[in-house]
Engineer: 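The structure's right below; bear with me while I get my questions together.
Letters A, B, ... are given to chains in the order of the sequence lines, protein chains preceding strands, and every chain is numbered from 1. All values reported here derive from a predicted model rather than from experimental measurement.
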Amino acid sequence: MEPGLGHRLEALGIKPGQQVKVLRRGWWSGPIHLRVGMTELMLRRVDAARVVVLAGDPSPVNP
Amino acid sequence: MTHCLDATGLVQVHGQATVAVLGMPNTGKSTLFSQLTAAHAHIGNWPGLTVDLMQAELTLEGRNVQLVDLPGIYDLRGHSEDEAVVRRFLESTPVDLVVIILNASQIDRQLRLALQVRQLGLPALLLLNMADEARRFGVAIDIEELERRLALPVLLISAKYRQGLAQARQAINRELAASEPGAGSGVRDLEARLAAADADRAAAMETILDAAVTFPAQWRDALTRRLDRWLLHPLLGLPIFFLVMALMFQAIYALGVPMQEALVALIENLSLNVLTPALASWPSFARGFIVDGVVLGIGTVSAFLPVIFLFFLAMGVVEDSGYLSRAAFLMDAFMERLGLDGRSFVLSLMGFGCNVPAILGTRVMRSSGLRLLSMLVIPFSLCSARLNVFLFMASVFFSPRQGALVIFGLYLLSFAAAILTALLFKGRFASEEALVLELPPYRLPTVLQVLRRAWAEVRHFWFWARRYIIFGVVAIWLLNNLPLGVAPASAASLSGRLGELLQPVLAPIGINPRLTVALVFGFIAKEIVLGGLAVIYGQSAGHGALGHALASEVSWVQAVSFMLFTLLYTPCLSTVAVIRTESKRLGFTVFSVLWSLVLAWLVSFCFYQLAWLVGWR
Ligand SMILES: Nc1nc2c(ncn2[C@@H]2O[C@H](COP(=O)(O)OP(=O)(O)OP(=O)(O)O)[C@@H](O)[C@H]2O)c(=O)[nH]1
């Protein structure tokens, strides 16, 4: 991962162990709309692909 | 107050405390800053750093304070330009207090920045802004517990609704009273100290959040959820967005143009009825220089102001409401394929009003390649000044129905030129920037807030633009009136000779010497192309006389070629000036001007020569 991106993602709340909820995907493989903690983000799929996500458990995302 | 030079050569003012405002982007830092400083803030070069920072000198409860607004940053260890600026600032400037401002409802991630500041041992105060949103979203913060755990004073405020500001002022004052002004020094080994503390910070943050903050079990912003369902709809999202934009431009145009005309008329009146009589005894060359050079120059700049004001007003509403980030989301897929991103699209759209604020807007981008490519593309947006010229030419050379088609075609060409430019140069201005953007909750902007912002932008525009535009207008005036004694803009004048000189290049695209001079005018600003034609043909633009004179000498094919060229070459001197100041690169600025000239010439050439072959005359 490019060094800047890791820091940026962490500052925006995407850090190891954090639950992430995907709200929607943009048309024509556009960016994805995420909710992380109390923050909503858009992230390009290429950049999102560099983040390892484990399949979430289906219980409601908290918060 | 005395000034003296300290060892680093910086001017230090005794008895004045330096307070730096530090926060994450979008936390309301600018809002707070303007609330605290009223109208006293100015943008200026910070000694020792080659960047401009917003600064204000104010008296806070009887104490002289210099308040500095640092760029919004996510991370003191981050890699962006702004983050480096903040680091250099902290290393080189002895600050008496750091006011940290965070978004209270996002304290779950933003607390990190406060912890970083604390690890540096800087005297600090934490303001948790947007208390209203935290309440609305069900984030409850135990302030006392937070203060205890952070060992920092903490206040919950709402800058936009002016809540807690008095307490914030008092708290700043209290903290400053506890320390000797100018006693500190810049932070040493900043990066090493932060890196060393990295591992502990995450754990410390968990503990503090657990103890002091309760988050809602369920996300509560139903309004944002519901609006996003429509505004980010896979099929309807874009049409809705274009509709909103079209309405916005309609409104700006409908209101701004009459205001602009009224302003121009006022200035013309003043110059005709007040200034000209007052200068009656002056030699005619000097008088002409003042009246048609300097005053016309100031008039040209001022004519921009109403539209710029309205423009920023509308953009302020769109931006503060949170819709602009949604537009970036919607268009990003397309723009990514052009080497740009969602934000460049939004800015190009702004360019259809006026290119200047759109280029200023590229400041939100961090990657320089992306910024430069956006700046290269934005000037092809058909701005309202160019539209004026086209409306006039179309009415002279075409029937209303054909005219509408011609104008529509010019809009299409404007998009095509932007897309072509991006595709050609995306390799040269590659962006390594990953696009991670916050989509803030929808917010209702307040009237005062957008008015104040638009006003600040206009002041800023006026500040830098007048130098360049006035210089340009004066230069053109001299070209038209030198050597002494020639008829203005005639063949014997410098500009007339220039027109002749350029014939080998411009004749193949159907531009005669007189139209060439008009194009030279257009380089200053498209607003004065019609006025320029009027001077050249010696006819007033008002009553159709200019149209007749023009149509008797120029064919419709030439007219279209002239319009194509006008659409594509350098929009105006203000745009060039703002590209220069924003890119900070002379070479890039020259390249941008040359590319637009080359493209304009090629397109006009192809059109004119093809038309000739087909037999259109
Ligand atoms: N609800 C709410 N919104 C606020 C408050 N303060 C600021 N805002 C809004 O938050 C948004 C961001 O405010 P700015 O002042 O531009 O934030 P900033 O931190 O300067 O942002 P950058 O310019 O990106 O660094 C604007 O839409 C403000 O209207 C507040 O107290 N409550």
Engineer: Answer yes when B/Glu83 and A/Arg8 have at least one side-chain N-carboxylate O distance shorter than 4.0 Å, and no when they do not.
Structural biologist: yes
Engineer: Which of the residues A/Arg45, A/Arg25, A/His33 is involved in the greatest number of heavy-atom pairs with chain B at under 4.5 angstrom?
Structural biologist: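 Sorted descending by pairs with chain B, the first entry is A/His33.
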Engineer: Looking at side-chain heavy atoms only, is the closest gap between B/Asp332 and B/Leu437 below 4.5 Å?
Structural biologist: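 In short, these two side chains do not touch, never coming nearer than 4.5 Å.
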Engineer: For A/Leu23, which atoms come within 4.5 Å of any heavy atom of chain B: side chain, backbone, both, or neither?
Structural biologist: side chain
Engineer: Answer yes or no: are there more than 12 heavy-atom neighbours, outside B/Leu444 itself, under 6.0 Å from its atom CG?
Structural biologist: no
Engineer: Answer yes when B/Asp75 and B/Arg112 have at least one side-chain N-carboxylate O distance shorter than 4.0 Å, and no when they do not.
Structural biologist: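 Counted as a salt bridge, because a side-chain N and a carboxylate O are separated by less than 4.0 Å.
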Engineer: Taking B/Leu235, B/Val139, B/Asp228, B/Leu330 one by one, which has the highest count of heavy-atom pairs under 4.5 Å against chain A?
Structural biologist: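 Option with the greatest count: B/Asp228.
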Engineer: Are the side chain of A/Arg44 and the backbone of A/Gly30 linked by a donor-acceptor contact shorter than 3.5 Å?
Structural biologist: no
Engineer: Given heavy-atom pairs under 4.5 angstrom as the criterion, report whether the side chain, backbone, both or neither of B/Leu238 touches chain A.
Structural biologist: side chain
Engineer: Does atom CH2 of B/Trp230 have more than 12 heavy-atom neighbours from other groups under 6.0 Å away?
Structural biologist: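 Open: at most 12 neighbouring heavy atoms sit under 6.0 Å from CH2 of B/Trp230.
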Engineer: I'd like to know which of B/Val436, B/Ile73, B/Asp341, B/Leu113 tops the heavy-atom pair count under 4.5 Å against chain A.
Structural biologist: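 Most heavy-atom pairs within the cutoff with chain A belong to B/Val436.
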Engineer: Picking from A/Arg24, A/Lys15, A/Glu10, which has the most non-hydrogen pairs under 4.5 angstrom with chain B?
Structural biologist: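 Winner by heavy-atom pair count: A/Arg24.
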Engineer: Side chain, backbone, both or neither: which part of B/Asn103 has a non-hydrogen atom closer than 4.5 Å to chain A?
Structural biologist: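 Neither; nothing under 4.5 Å.
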Engineer: Tell me, side chain or backbone of B/Asp221 under 4.5 Å from chain A's heavy atoms, or both, or neither?
Structural biologist: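 Neither part.
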